[in-house]
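What follows is a set of notes on a single structure, which appears directly below.
When reading the values below, keep in mind they use all heavy atoms of this one structure, side chains included, and skip hydrogens, waters and symmetry mates. The model shown is predicted, which means the values in this text are computed figures rather than measured ones.
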Amino acid sequence: MVPARALFAFLARFTLFSLFRSLALASALLITADALAQKAGGVLRRANDENPPSASLHEEGSNIVTTPFVPVFNNLVTFDATKTISKPDQLVPDLATSWSWSADNKTLTFKLRKGVKWHDGKPFTAADVKCTWDAVTGKREGVLRRSPRRAWYANLQEIVVEGEDTVSFKLGRPQPSFLGFFAAGWSVVYPCHVDGRQMRQMPIGTGPFMVKSFEPGKMIRLVKNPNYFKPGRPYLDGIDMPVIPSPSTRSLAFAAGETDIYTPSATLLAEVKAKVPEAVCDVGLSYAYTQLIINRAMPPFNDVRVRRAMALAIDREAVIKVKGAGLDRLGGELMPPPEGAWGLDKADLAAIPGYTGDLEKRREEARKLMREAGYGPDKPLTLVLSTRDVARYRDTSVLILDHLAKIYIKGEMKTIDTAIWTSVVAKRGYQIGIRSRGQAIDDPDVSFYESFSCNSLANVDGYCNKDMEAMFEQQSSMLDQNARRKLVKDIDRKLQMDATRPTITFAALPYCRRPYVKGYVPSLNNQYSNLRMEDVWLDK
């Protein structure tokens, strides 16, 4: 539970919705009491925003996949789902019962639960753990079509199975963050005996729920796993998730009582509370941030003057007001404090061009840079801005195109269906774009290696800087976390100064539910955590 002082400071930042947050606090205080009165049965209903490209967590990168399919699986370790802030010091056992580091801090060993069964009745063993991460790292072929998070494990040298209940991960150097990787929503364990095609369509897990049906574009239905290894869990008989792409239709469905949980955009929160005044809505700064991505492999975007000009032209405060209802916040690559442990604070951001100061002066500086690069009022830079065909991305893109028009850039928007968006971006089939980027855990290794290392499959714009890679390695191996934090901030500043992928805002997300939904504790700093739903029950 969030300490009172920190929680009250959090509420003060969002005074417009202080009443709603007070209700959320009251709800949180009832969790202990609720735990004494759980009721089994019932089907939870929650809309999925879009059609998942597949059901394979290890191949995808959006919460439209984690939300419906995390309940099917388990991790080795996970974040404490009773806490609203996901932190590395709140790791608890899941498929692993315990873990330990070797004396040289280069071998991490897990002891595994015995007697756990996959949904098809076959036994879970240490071999499944090895199979999973051999596939993620590319050592086991034919399972995953792509592995967006392979770069996390660049330091992993070998996985050793010691009997059915012990598995060790051997590293090339110490890496304090490595354990936390296994708690990410994406880091679930796959079965050795099930092929990749089935995992994309009707996946088999060990989790509290099993896939009953996956009708693309229509409905995802999960049913209770009667043989779940955690006694008494889950409480629910199932989870129904209709696919509803329209924000207004999702809002109407929640207002009409057709869904029990709803995560609206910040701009719709007031409307939700007006239509459903009894709704309990927790608002947190999600680790989801909007970026301007720039394909530096294409001229003129390989010119730092052009990239910096675009970063200077953006009116971030306007985006916060329009897109985030005043609740979004500024940040760099890493989540800003106090929710984030590593990100740039207000003072840090004030020293980076484009974040503060007179907007018109910034834009005049941007126009000067554009003129130096060969552009002007009679010779504008024409470009196409690509984005997902989703309302919040389209709205932000319209704003950004208007901002860029102030500095001799004439752009048009191209919308791309979500089903192929990731593929288009991965193949660098864009000039510039607007995307929302989510991080799996609040740790620099996840961000730096996944997004910026030269060989990462998730490095969407070809960024490759060997000096920065050396700094990634240096911070990753540091045991002194205060010294590491100082170096991490320096790295983040350099990325922003280079206008690598200008961060626009970090999103505030409301998590709304009807009062009879109990045991649901959303992670207010990470949209990929607390999704297993095994502790949720319906007080009907």
Under 3.5 Å, is there a donor on one side chain and an acceptor on the other for [X] and [Y]?
X	Y	answer
Thr290	Thr396	no
Glu333	Tyr289	yes
Tyr393	Arg388	yes
Tyr520	Asp282	no
Ser177	Arg484	yes
Arg437	Ser451	yes
Asn155	Gln175	yes
Thr422	Glu60	no

So do [Y] and [X] actually touch side chain to side chain, heavy atoms under 4.5 Å?
X	Y	result
Ser56	Tyr190	yes
Trp342	Arg485	yes
Thr206	Val189	no
Ile320	Leu330	yes
Lys218	Val243	no
Glu450	Gln439	yes
Tyr287	Phe506	yes
Leu538	Val517	yes

Give a yes or no answer on whether the side chain of [X] reaches the backbone of [Y] with a donor-acceptor pair at less than 3.5 Å.
X	Y	answer
Lys273	Ala279	yes
His58	Arg149	no
Arg513	Ile261	no
Asp128	Cys192	yes
Asp94	Asn75	yes
Gln90	Asp80	no

Inspect the contact between [Y] and [X] and indicate whether a charged nitrogen and a carboxylate oxygen are less than 4.0 angstrom apart.
X	Y	result
Asp49	Arg250	yes
Lys87	Asp442	no
Asp260	Arg46	no

If you count the non-hydrogen atoms of other residues, nucleotides and ligands that lie under 6.0 Å from [atom1] in [X], is the total more than 12?
X	atom1	answer
Glu162	CD	yes
Arg197	CZ	no
Lys346	NZ	no
Lys321	NZ	no
Lys139	NZ	yes

Which pair of heavy atoms, one from Pro522 and one from Asn530, lies closest together, and at what distance?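 Here Pro522 and Asn530 meet closest at C-ND2, 3.8 Å.
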Fit a plane to each ring of Tyr153 and Phe178, take the angle between them on a 0 to 90° scale, and name the class: parallel (under 30°), tilted (30 to 60°) or perpendicular (over 60°).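 Geometry flag for Phe178 against Tyr153: perpendicular rings.
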Fit a plane to each ring of Tyr262 and Phe254, take the angle between them on a 0 to 90° scale, and name the class: parallel (under 30°), tilted (30 to 60°) or perpendicular (over 60°).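 Plane angle between 30° and 60°, so tilted.
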Quickly, which of Ile441, Thr66, Val70 forms a side chain to side chain contact (heavy atoms under 4.5 Å, CB included) with Tyr528? Name it, please.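 Among Ile441, Thr66, Val70, the one that satisfies the side chain to side chain contact (heavy atoms under 4.5 Å, CB included) with Tyr528 is Thr66.
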Are the aromatic rings of Phe229 and Phe124 close, with centres under 6.0 Å apart?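 No: the rings miss the under 6.0 Å criterion.
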Is the gap between the ring centers of Phe182 and Phe169 under 6.0 Å?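 So the answer is yes for these two rings.
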